[in-house]
Protein chains: 2
Amino acid sequence: MAVRLKDIARDLGVSLITVSKALRGMGDISEETRQRVLKRMAELNYRPNMLARGLASGKTYIVGLIVPDLLHPFFAEFAKSLNGVLRRHNYGLILASAEEDPKIEQQEIRTVLARGVDALLIASCQPTLHGFYGVEDQRTPFILIDRDFPHLSAHFVGTDDYAAGLIATRHLLSTGKRRIAHIAGPDLAPGADRLRGYKDALAEQGISVRKQYIISNARVEEIGEDVGCQGMRKLLQRKPRPDAVFCYNDLTAIGAIHAALEVGLSIPRDIAFVGCGNVRYSGYLRIPLSSIDQSTGLLGEQAGKLALELINNRATAAKHIRLKPTLVVRASSVVSDLPIQAAVDGKSGVKSQVKTAKKSNPRINAKK
Amino acid sequence: MAVRLKDIARDLGVSLITVSKALRGMGDISEETRQRVLKRMAELNYRPNMLARGLASGKTYIVGLIVPDLLHPFFAEFAKSLNGVLRRHNYGLILASAEEDPKIEQQEIRTVLARGVDALLIASCQPTLHGFYGVEDQRTPFILIDRDFPHLSAHFVGTDDYAAGLIATRHLLSTGKRRIAHIAGPDLAPGADRLRGYKDALAEQGISVRKQYIISNARVEEIGEDVGCQGMRKLLQRKPRPDAVFCYNDLTAIGAIHAALEVGLSIPRDIAFVGCGNVRYSGYLRIPLSSIDQSTGLLGEQAGKLALELINNRATAAKHIRLKPTLVVRASSVVSDLPIQAAVDGKSGVKSQVKTAKKSNPRINAKK
DNA sequence: TGAGAGTACGTTAGCGCTAACGAAGTATGC
DNA sequence: GCATACTTCGTTAGCGCTAACGTACTCTCA
């Protein structure tokens, strides 16, 4: 059996509550007693029973995180970063991967809440908003991640996806491309915002948006390589053929590039690509991929800090944190005169990825 | 406030314990009463308080997982798969990423244990075995993941790393290469086993192991692209130059390939590469990477099942589960006569990856 | 018919901890 | 010298649930 407060109290000849107070650093204990207690605790390798503490105090020091897919680099990095913040504040993390299934998401939310988490972070994969199964009514603070539900006045931490679309498309325009296509994501907040950004960037240059250049994936479950590949095959049949593609994420971009190479196109000369997400291997791909970096680690930190804040100050008006993304340019969108190995090593390779991710200081829009 | 058993009992005019029994499906309740109780529970949206249940019963229905780095695709996939198994059995997952730091690992083990998990899975990053800080003495069953500590007679789930080294090296030998180098991993079980496999495969062909062809990374903290790149630069200075390299993992392979391209070598003609881990993008890299697949998803499942087994039957002799890895051949190790785009599309590209790693991998050429 | 067995439900006593208040002892002020 | 305040420690009463046993009540069968 594990050592309990009671054991230490008996051992030291003081009352249980004195030991508890010493442990928690409460004021009305003499410094001498506290040291005596702490010393004995260390000797006996005492570990407070967090279940009992949680039951008695109503605080579990656990935060729940529900993501659509832990394997997705974005969520993995987010979770890692969040875990770091929480650990530094002695909070634990209960994690659930919903397998892109709203039913499972619902189940996970239920069970995670039953465990009495102090806060809940949800990157939802719900197609339409049916509310969060009672989370809103609960006293447990909850934060939406990555994907906002504007109708719900909830806390939110995510990327400025409109800016992502804008920046990516502007970049392609700046390289002289004019027939820019878009392989869109699901018809949820991030996808819709990136699409808006894409359209507005075109409008800025007086270029009309052509429907035939937009591949919709409104109802696709998993936006991966095959979606990009199939989308690209359709785009290749358009007349005139697009000369650039802004892809919803890096996975679709990889698939799209694959389809373009398949028919012997030269990248970026014939057709250029920009992805979104800047996943780890983007710089090492066959065609190193230009991408929009979401500073995911920073998102995790911000989300963690917000969660802790909400836990400590019960009532706060809904906070929206949107980080500005940054562009990482690589060979998929910019012609390089250098031999290929130099191109990879130099400006467009990993080095610049690190540089950008470190240096870029995304501004935080704290609406309200 | 959440609904409690007491509320339902009062509401229905029965005793609290009757409600509890109905909830848990215990035998000595009439079917009629049970239905009445369950119906009311559903109406009131009752959720059992898992903290209280855990405190009273000693079972939390939570499993803890501690990994060195959640961002590493292996651990992300493992965690995801484990989460799936646990969810199907109504278990939750507390996850901690130790940031490759033994100190943090120790801290995480302490706090996770304090939360009263029913089982603990540890993929340790300890450089040497100092024991698991009292986990062994605890009644909490624990399972070592990926990396075994043979001295400890603990449960283990991981890859047959010796086979991985053997298979990878045999493959390179089968393509006619004879001067095969190895960029090794840290001097822990997986790294040491892969090295042994490498050596034995050479011995099988009567080829003597040359020290100058083995790059040791015994004390390197993070085995990533940089390590591979630097290791390769050293290997390039050896005389005669190696004509193939088996790399500890895919990340080092990516770095190594980078260094080889840098000096204008042709892959795989001048020098061939095999990695290990078969991460998601291996098939999309500049030089699609031959790799050893660890069937990580299956490992997660096996580990989850073992954990549940241990939770239910207290005492079991130490169980060792080692899955045999498989080889996925791509263009980094096999010459292809086809033009590059066809090579990627065809035999050496994505297809073989799909074939081997069925579940989570992109099925890009759906040309069936 | 009444002891034994079975069924359905309830009572009691915690799990290990904390919140809120209470009770000593010591110091301070006028 | 005695009330007031402060310091230090303890008592009481739970948090919401479960384990283990207790108690009615019914049924069975020699």
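The sequence lines fix the lettering, A, B, ..., with proteins before strands; numbering per chain opens at 1. Predicted model, so just to flag it, every value in this text is computed and none were measured. Below, each value reflects all heavy atoms present in this structure, side chains not excepted, and no hydrogens, waters or symmetry copies.
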Colleague: Tell me which one of Ile62(A), Leu65(A), Ile311(A) satisfies side-chain contact (heavy atoms from CB on, under 4.5 Å) with Val117(A).
Modeller: Ile62(A)

Colleague: Of the options dC9(C), dG16(C), dG10(D), whose atoms approach the side-chain atoms of Ala52(A) most closely?
Modeller: dG16(C)

Colleague: Quick one: on DNA chain C, does Leu55(B) or Ala56(A) contact a more 5' nucleotide (nearest heavy atom)?
Modeller: Leu55(B)

Colleague: Check whether any side-chain nitrogen or oxygen of Ser20(A) sits under 4.0 Å from OP1 or OP2 of dT18(C), and answer yes or no.
Modeller: yes

Colleague: Applying side-chain contact (heavy atoms from CB on, under 4.5 Å) between Ile143(B) and each of Ile321(B), Ile122(B), Leu120(B), Leu121(B), report the one that passes.
Modeller: Leu121(B)

Colleague: Counting side-chain heavy atoms from C-beta on, which of dG10(D), dT8(D), dT11(C) comes nearest to Ile17(B)?
Modeller: dT11(C)

Colleague: For dC17(D), does OP1 or OP2 lie under 4.0 Å from any side-chain N or O of Tyr46(B)?
Modeller: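 Looking at the OP1 and OP2 atoms of dC17(D), one of them is under 4.0 Å from a side-chain N or O of Tyr46(B).
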
Colleague: Do the side chain of Asn49(B) and the base of dC17(D) come within less than 3.5 angstrom through a donor-acceptor pair of N or O atoms?
Modeller: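 There is none.
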
Colleague: Quick check on dT7(C): is either OP1 or OP2 less than 4.0 Å from any side-chain nitrogen or oxygen of Ser30(B)?
Modeller: no

Colleague: Of the nucleotides dC17(C), dA19(C), dT18(D), which one has an atom closest to the side chain of Arg24(A)?
Modeller: dA19(C)

Colleague: So does Ser15(A) get a side-chain nitrogen or oxygen closer than 4.0 Å to the phosphate oxygens (OP1/OP2) of dG10(D)?
Modeller: yes

Colleague: Could you pick out which residue, Pro48(B) or Lys21(B), lies toward the 5' side of DNA chain D when each is mapped onto its nearest nucleotide?
Modeller: Pro48(B)

Colleague: Taking the side chain of Val14(A) as heavy atoms from C-beta outward, which of dT18(C), dG10(D), dC17(D) is closest to it?
Modeller: dG10(D)

Colleague: Which nucleotide sits closest to the side chain of Arg53(B): dC17(D), dT11(C), dT18(C)?
Modeller: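 The listed nucleotide nearest to Arg53(B)'s side chain is dC17(D).
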
Colleague: If you measure only the distance, is there a donor-acceptor pair under 3.5 Å linking the side chains of Thr159(A) and Gln294(A)?
Modeller: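 The criterion, which ignores hydrogens and geometry beyond distance, is satisfied for Gln294(A) and Thr159(A).
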
Colleague: Name the nucleic acid region contacted by Leu16(B), choosing base, sugar-phosphate or nothing; use a 4.0 angstrom heavy-atom cut-off, strictly under.
Modeller: base

Colleague: Measure from CZ on Arg115(A) to P on dG16(D) and round the result to the nearest Å.
Modeller: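 Arg115(A) atom CZ is separated from dG16(D) atom P by 18 Å.
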
Colleague: Using a strict 4.0 Å threshold on nitrogen-to-oxygen distance, state whether Lys80(A) and Glu77(A) make a salt bridge.
Modeller: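 No, no charged N to carboxylate O under 4.0 Å.
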
